[in-house]
Amino acid sequence: MRSAQLRPLRDLRMIRNVESKLHDVVIVGGGGAGLRAAIAAAEVDPGLDIAVVSKVYPMRSHTVAAEGGMAAAIKENDSFEHHIYDTISGSDWLADQDAVELFVKEAPDELIQLEHWGCPWSREPNGTVAVRPFGGMRIQRTWFAADKTGFHVLHSLFQTTMRYASVNRYDEWFALDLLVDDGRCQGVAALELRSGEVKAILGKAVIICTGGGGRVFPFTTNAAIKTGDGMTLAYRAGVALKDMEFVQYHPTGLPGTGILITEAARGEGGILVNKNGRRYLQDYNLGRPLDISDPNHPQNRTMELGPRDRLSQAFILEEQKGNVMQGEYGSYVHLDVRHLGEKLIDSKLPFVRELALNYGGIDPVTEPIPVRPVVHYMMGGIDTDIRGATSLPRLFAAGECACVSINGANRLGSNSLTELLVFGARAGHDAAELAAGSEIGDVGALEAQATASESRVRGLVSNGNQGTERIADIRQEMTTAMETGAGIYRTEESLRATCHKLVELRDRFRNVNLDDSGLRYNTELIAALELDCMLDVAQSVAFSALARKESRGSHQRTDYPDRDDDGYLKHSLAYREDDSPRIEYKPVTITKWPPAARVYGS
Ligand SMILES: Cc1cc2nc3c(=O)[nH]c(=O)nc-3n(C[C@H](O)[C@H](O)[C@H](O)COP(=O)(O)OP(=O)(O)OC[C@H]3O[C@@H](n4cnc5c(N)ncnc54)[C@H](O)[C@@H]3O)c2cc1C
């Protein structure tokens, strides 16, 4: 792999079309999905020229932060059928069953392939790949590399892409807009952070792999770069965002920072207790502790290993009962792993210990860890089919920014990393095949579109301090509105207030002011561009949630507390309109697993 060679910087004040770089496939995003797609595309034909555009150096993508592991059925007591059923029931029957079936069946080969590319899976004493339990998975099937799985996964993919000279990188380039000619997506307009220059990075097919958008909420495990940019790129080009109302809260984030304490801590036997020392999950139909004196007993873990939506909701109900503790950063409960012992903690959960020590001042070997629910993942995203293709010809999407959908109303922990590989590979393969047999569209017309993107950027930096709105104010008001109105529990009233606020903020953003009028490394400009994207993502979440008058998975409406299969067993589709999105629906694909109640524990 080589860094893309660019033509010399040019004067942005000159009025002419921006320059372009021509490739065959353009991938936006250098995380797990983007790099897997790049390898797949390179494998289709070594002659193809592949561009990977990333706003950060690829190893800084959020995939690197994943801790717990990735799911694939390989053990003798497991089967594809079990993994499929767990995923579908975890999704509260909103996942497309053909997509889930394909995902589960392709998962083991992808994980074995990853080992061949260098991923050091943790092993059992007999040398076989070890698996650990994870929430909502009724059988242990989560492969892991200690509790630094994402780091090893991303490294393995990154070093593998370096074997392909045909993969060109645009590190620290920010994709601004999709470029479309004759109804086909043919590239992106992108801003180089170093120079402030905008170029048209053209390709015969484009894959968006830009990850999630948890930053639209104030308290999240998501890295600062997770601002939903790629979702917005597609949304602005007329592609629907699907099932955006489904936002996953992870039950165990560190108060204050939102840093994740991985589910692996509960998978290894950690327990959740309230201020009275009670394992309160036994009161929420998630299973009962069979023998409280032996928290390591496998059957004794069912409740802590319930799905994330149920555990996060249980926290709020405990809070309402006054059973939680109060600290500097709000209410919390305790995650207790002390009984696992220092040896196990250091071998299987070393990162948990490191994070708790560094960011909470707590040594989990001797003290319980304070935790509370934290926004973690977006089940929704760019509407794609089972091959990762979108409704815009030549545009694909994969990874957290996409909604295939295998996660439905609630993702099971450890399915996401696997999803990056399975659907990243499919999208990379198909995009490359399409690109191989075709010509690029009208380059002049595409460059003209990139020039319009450049004008937008220049408009933001050169408003001569005339704007009256601050980026930080709008962002803070947006995240507060999302948390108060579209959080774990929602109502018509709370959602209406949030939607109203978001329309107001969208309008105020037009008047935003930047202090830094330079072009080189203008981080304030990037913050403004990201906020612009987040306002769109936030609207799609809140308006989709307002329209869905039922409770399903992570979407809990206290005014409509039941799941309503007659009315809402369907995907929501948010289409961008001037002020607020238009919401439509499309059917869920049900093949062999008819809707049923979600039952956990005994
Ligand atoms: C703390 C944490 C722990 C997790 N643990 C697990 C786990 O154990 N198991 C599991 O299955 N899942 C886990 N997840 C979820 C999982 O890690 C993510 O869903 C997944 O890594 C997302 O990968 P991705 O390739 O889609 O995007 P990312 O890895 O987020 O990469 C996005 C890429 O897009 C680029 N990008 C974004 N916007 C732009 C733009 N405008 N222009 C150019 N480039 C852009 C970024 O630079 C980056 O390279 C965890 C998530 C978090 C936050």
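Side chains are part of it too, since the values below use all heavy atoms of this structure and drop only hydrogens, waters and symmetry mates. In each ligand, atom 1 is the first atom listed, and ligand 1 is the first ligand listed.
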Top protein contact for [atom], by heavy-atom distance:
| atom | result |
| --- | --- |
| atom 49 (O) of ligand 1 | S61 OG, 2.6 Å |
| atom 51 (C) of ligand 1 | H62 NE2, 3.3 Å |
| atom 17 (O) of ligand 1 | A66 CB, 3.6 Å |
| atom 18 (C) of ligand 1 | E400 OE1, 3.3 Å |
| atom 16 (C) of ligand 1 | S416 OG, 3.5 Å |

What do you reckon, does [X] put a non-hydrogen atom under 4.0 Å from ligand 1?
| X | answer |
| --- | --- |
| M70 | no |
| P58 | no |
| W173 | yes |

Is it true that the side chains of [X] and [Y] contain a donor and an acceptor less than 3.5 Å apart?
| X | Y | value |
| --- | --- | --- |
| S453 | K199 | no |
| T451 | E454 | no |
| N168 | D49 | yes |
| N222 | Y377 | no |
| N410 | Q248 | yes |

task: Please work out whether any backbone atom (N, CA, C, O) or any side-chain heavy atom from C-beta onward of Y377 is under 4.0 Å from ligand 1, and answer side chain, backbone, both or neither.
output: side chain
query: When you look for heavy atoms under 4.0 Å from ligand 1, do you find them on the side chain of R60, its backbone, both, or neither?
result: neither
If you measure from [atom] to every heavy atom of [options], which option wins on shortest distance?
| atom | options | result |
| --- | --- | --- |
| atom 7 (C) of ligand 1 | S414, G69, A190, C401 | G69 |
| atom 36 (N) of ligand 1 | T210, N407, T142, L412 | T210 |
| atom 39 (C) of ligand 1 | V375, D229, T220, L421 | D229 |
| atom 33 (C) of ligand 1 | S54, G34, C209, G211 | C209 |
| atom 3 (C) of ligand 1 | L157, L260, V188 | L260 |
| atom 8 (O) of ligand 1 | G68, G150, G29 | G68 |

What atoms of ligand 1 come within less than 4.0 Å of a heavy atom belonging to [X]?
| X | answer |
| --- | --- |
| A175 | 40 (C), 41 (N), 42 (N), 43 (C) |
| G32 | 25 (O) |
| T63 | 20 (C), 21 (O), 22 (C), 23 (O), 24 (P), 25 (O), 28 (P), 29 (O) |
| T221 | 53 (C) |
| N415 | 11 (O) |
| N222 | 53 (C) |
| V56 | 47 (O) |
| G31 | 25 (O), 29 (O), 31 (O), 33 (C), 49 (O) |

Salt bridge or not for [X] and [Y], using N-O below 4.0 Å?
| X | Y | answer |
| --- | --- | --- |
| R169 | D171 | yes |
| R266 | E268 | no |
| R506 | D532 | yes |

query: Aromatic ring centroids of Y85 and F80 under 6.0 Å?
result: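 No, the ring centres sit 6.0 Å or more apart.
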task: To the nearest 0.5 Å, tell me how far T252 OG1 sits from L260 CG.
output: 5.5 Å
Sub-3.5 Å N/O-N/O distance, A398 and ligand 1: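 No, there is no polar N/O contact under 3.5 Å.
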message: If we ignore hydrogens and angles and just use 3.5 Å, is the side chain of K226 paired with the main-chain N or O of R215 as donor and acceptor?
response: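 Checked: no pair found.
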field: S156 side chain vs C119 backbone, donor-acceptor pair below 3.5 Å
entry: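 The answer is yes, because a donor-acceptor pair under 3.5 Å joins these two groups.
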